[in-house]
**Q** 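Shown below is the structure under consideration.
Here the structure is a predicted model, which means the values were calculated and not measured.
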Amino acid sequence: KDGRYAGEVFGKTVTFKEYNQFFRATQIFMPSEKPIEDPELLRQYTWQNIIYSREAKQNGVHISDPEVRGEISKILEQQGLVNPTNEQYKIWLTRSLRMSPRDFEEGLREFIRIQKLLRLKIAGFAPAGAEKLTDAKDKEAAAEKQKAAFMTWSADVNKRAAFKDYLSLPEAQEGAPEDLTAPITSPEPAPAVP
């Protein structure tokens with residue numbers, strides 16, 4: 001099985017392990033009201049997150065261990081766990097998400113990295129003087145310009161990524177399983193962490 005990959009992003013291969021880590025992290029950390037049930041949509045979000053993560057790394061977006069620990073503390077507090085011991089933390093991860101601390105923390109780090117990149121880009125696309133506008137129509141026009149600039153940037157990132165999804169090529173995989181959208185390791189569905 002060596003030499004088999006899930007796809008390519010920015011001219012570099014994406015291993016099944018990396019894809020599965022992002023797939024699982026996307027299930028858990030995507031900000032949405034309820035878990036994403038549509039396998040095709042989940043697969044698309046997973047690839048988009050891989051692209052954004054690699055773009056963030058290329059742009060030097062760094063996430064420190066204290067940032068990750070701070071986010072973990074927030075998540076645990078939301079789950080009713082205030083100042084848990086390491087053992088309580090491991091038990092919570094095993095029971096709730098069926099994940100090791102390392103996998104959970106690596107997935108969380110990448111989602112923090114993606115969110116930081118997106119916040120930086122969105123803020124950078126605000127028209128000069130937009131924060132001083134008082135007229136509602138002017139504010140709306142500035143917000144639309146900011147949104148359009150962000151969408152243009154996002155489309156450019158996706159184009160530069162030259163993304164190839166080997167999992168979506170059923171003709172190239174004669175005899176492959178019908179559901180190519182599921183992760184290779186087929187993890188149990190996880191509840192979304194608010």
Side-chain angles (χ1 to χ4, degrees), residues 4-64 67-68 71 106-133 135-173 179-184 192-194:
R4 294 193 52 188
Y5 300 98
E8 286 180 35
V9 173
F10 291 109
K12 295 185 177 157
T13 56
V14 175
T15 64
F16 285 122
K17 180 180 178 186
E18 181 183 8
Y19 176 84
N20 286 334
Q21 287 172 332
F22 272 90
F23 184 92
R24 186 76 165 121
T26 300
Q27 285 179 311
I28 295 169
F29 300 118
M30 275 302 282
S32 61
E33 294 290 314
K34 55 185 180 177
I36 301 166
E37 307 261 337
D38 179 359
E40 178 61 23
L41 189 59
L42 185 57
R43 186 178 62 77
Q44 290 172 8
Y45 279 139
T46 299
W47 282 113
Q48 187 64 64
N49 288 328
I50 292 169
I51 291 168
Y52 281 155
S53 174
R54 289 194 179 181
E55 177 72 6
K57 288 175 183 174
Q58 289 175 0
N59 281 269
V61 176
H62 176 74
I63 304 302
S64 67
E67 286 176 279
V68 175
E71 208 49 46
E106 285 177 3
L108 182 58
R109 182 181 305 272
E110 290 312 312
F111 262 78
I112 296 169
R113 184 186 320 274
I114 291 165
Q115 294 304 312
K116 193 178 213 180
L117 171 73
L118 297 179
R119 279 193 308 274
L120 288 168
K121 291 299 179 181
I122 290 168
F125 293 130
E131 69 282 349
K132 297 177 184 173
L133 296 174
D135 181 65
K137 284 189 176 183
D138 291 343
K139 283 183 176 182
E140 188 177 329
E144 285 300 316
K145 282 184 182 178
Q146 185 178 20
K147 183 179 177 181
F150 175 78
M151 297 303 285
T152 300
W153 168 81
S154 187
D156 177 63
V157 168
N158 287 330
K159 184 177 180 182
R160 286 187 293 108
F163 156 67
K164 294 178 185 165
D165 180 359
Y166 300 162
L167 301 175
S168 71
L169 304 173
E171 304 87 272
Q173 298 188 12
D179 182 16
L180 298 175
T181 60
I184 304 309
V193 176

**Q** Which heavy atom of Phe10 sits nearest to which heavy atom of Ile51, and what is that distance?
**A**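 Closest pair (atom of Phe10, atom of Ile51, distance): CE1-O, 3.7 Å.
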**Q** Given Glu55, which of Arg160, Arg113, Lys159, Lys121 fulfils the salt bridge (charged side-chain N to carboxylate O under 4.0 Å, His left out) condition?
**A**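 Considering Arg160, Arg113, Lys159, Lys121, a salt bridge (charged side-chain N to carboxylate O under 4.0 Å, His left out) with Glu55 is found only for Arg160.
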**Q** In Å, rounded to the nearest 0.5 Å, how long is the span from CZ of Arg4 to OG1 of Thr13?
**A**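 Answer rounded to 0.5 Å: 13.5 Å.
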**Q** Can you tell me how far the CZ atom of Phe163 sits from the CD atom of Gln48, to the nearest 0.5 Å?
**A**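 Reported value, rounded in 0.5 Å steps: 9.0 Å.
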**Q** Do any N or O atoms from the side chain of Gln146 and from the backbone of Ile122 form a donor-acceptor pair under 3.5 angstrom?
**A**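 Yes; judged by distance alone, with no hydrogens or angles, the pair exists.
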**Q** Report the distance from atom CG of Leu41 to atom OG1 of Thr46, rounding to the nearest 0.5 Å.
**A**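 If we round to the nearest 0.5 Å, Leu41:CG and Thr46:OG1 are 9.5 Å apart.
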**Q** Not counting sequence neighbours, which residues clear salt bridge (charged side-chain N to carboxylate O under 4.0 Å, His left out) with Glu67? List them please.
**A**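 In terms of salt bridge (charged side-chain N to carboxylate O under 4.0 Å, His left out), with neighbours along the sequence ignored, Glu67 is linked to Lys116.
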**Q** Could you tell me whether the side chain of Phe111 reaches within less than 4.5 Å of the side chain of Glu71, counting heavy atoms only?
**A**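 The answer is no; the side chains never approach within 4.5 Å.
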**Q** Answer with yes or no whether the side chains of Tyr52 and Glu110 bring together a donor and an acceptor at under 3.5 Å.
**A**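 No pair is found: no donor N or O on one side chain lies under 3.5 Å from an acceptor on the other.
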**Q** Compare every heavy atom of Ala142 with every heavy atom of Leu133, then report the nearest pair and how far apart it is.
**A**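 Of all heavy-atom pairs spanning Leu133 and Ala142, the closest is CD1-CB, 3.8 Å.
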**Q** Can you give me the closest heavy-atom contact between Phe23 and Leu42, atom names plus distance?
**A**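 Smallest interatomic distance, heavy atoms only, reads CZ-CD2, 3.3 Å.
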**Q** Determine whether a donor-acceptor pair (N or O, by modelled atom type, separation under 3.5 Å) exists between the side chain of Thr152 and the backbone of Ala148.
**A**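 Present.
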**Q** For a quick test of reading the model, state the closest non-hydrogen atom pair linking Ala25 to Gly107 and the distance between them.
**A**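 Closest approach of Ala25 to Gly107, heavy atoms only: CB-CA, 3.9 Å.
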**Q** Salt-bridged, Lys137 to Glu140, with N to O below 4.0 Å?
**A**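 No, this pair does not count.
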**Q** Is any side-chain heavy atom of Gln115 closer than 4.5 Å to one of Phe29?
**A**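 A side-chain contact under 4.5 Å is absent here.
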**Q** So how far is it from Ile112 CD1 to Leu108 CG, rounded to the nearest 0.5 Å?
**A**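 Going from the CD1 atom of Ile112 to the CG atom of Leu108 covers 4.0 Å.
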**Q** Under 6.0 Å between the ring centres of Trp47 and Tyr19?
**A**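 Yes, the ring centres sit under 6.0 Å apart.
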**Q** Tell me which pairs pass salt bridge (Lys or Arg N to Asp or Glu O under 4.0 Å) where either residue lies in residues 13-23, with sequence neighbours left out.
**A**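 Residue pairs with at least one partner in residues 13-23: Glu18-Arg54.
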**Q** I need the Gln21 CD to Ile50 CD1 distance, nearest 0.5 Å.
**A**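 If we round to the nearest 0.5 Å, Gln21:CD and Ile50:CD1 are 9.5 Å apart.
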**Q** Using atom types as modelled and distance alone, determine if a side-chain donor or acceptor of Asn49 lies under 3.5 Å from a backbone N or O of Tyr45.
**A**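 Looks like yes, one N/O pair under 3.5 Å.
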**Q** State whether the side chain of Arg109 and the backbone N or O of Ile63 hold a donor-acceptor pair below 3.5 Å, judged by distance alone.
**A**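 At least one qualifying donor-acceptor pair exists.
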**Q** Check the surroundings of atom NZ in Lys145: do more than 12 heavy atoms from other residues, nucleotides or ligands lie under 6.0 Å from it?
**A**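 12 or below, so no.
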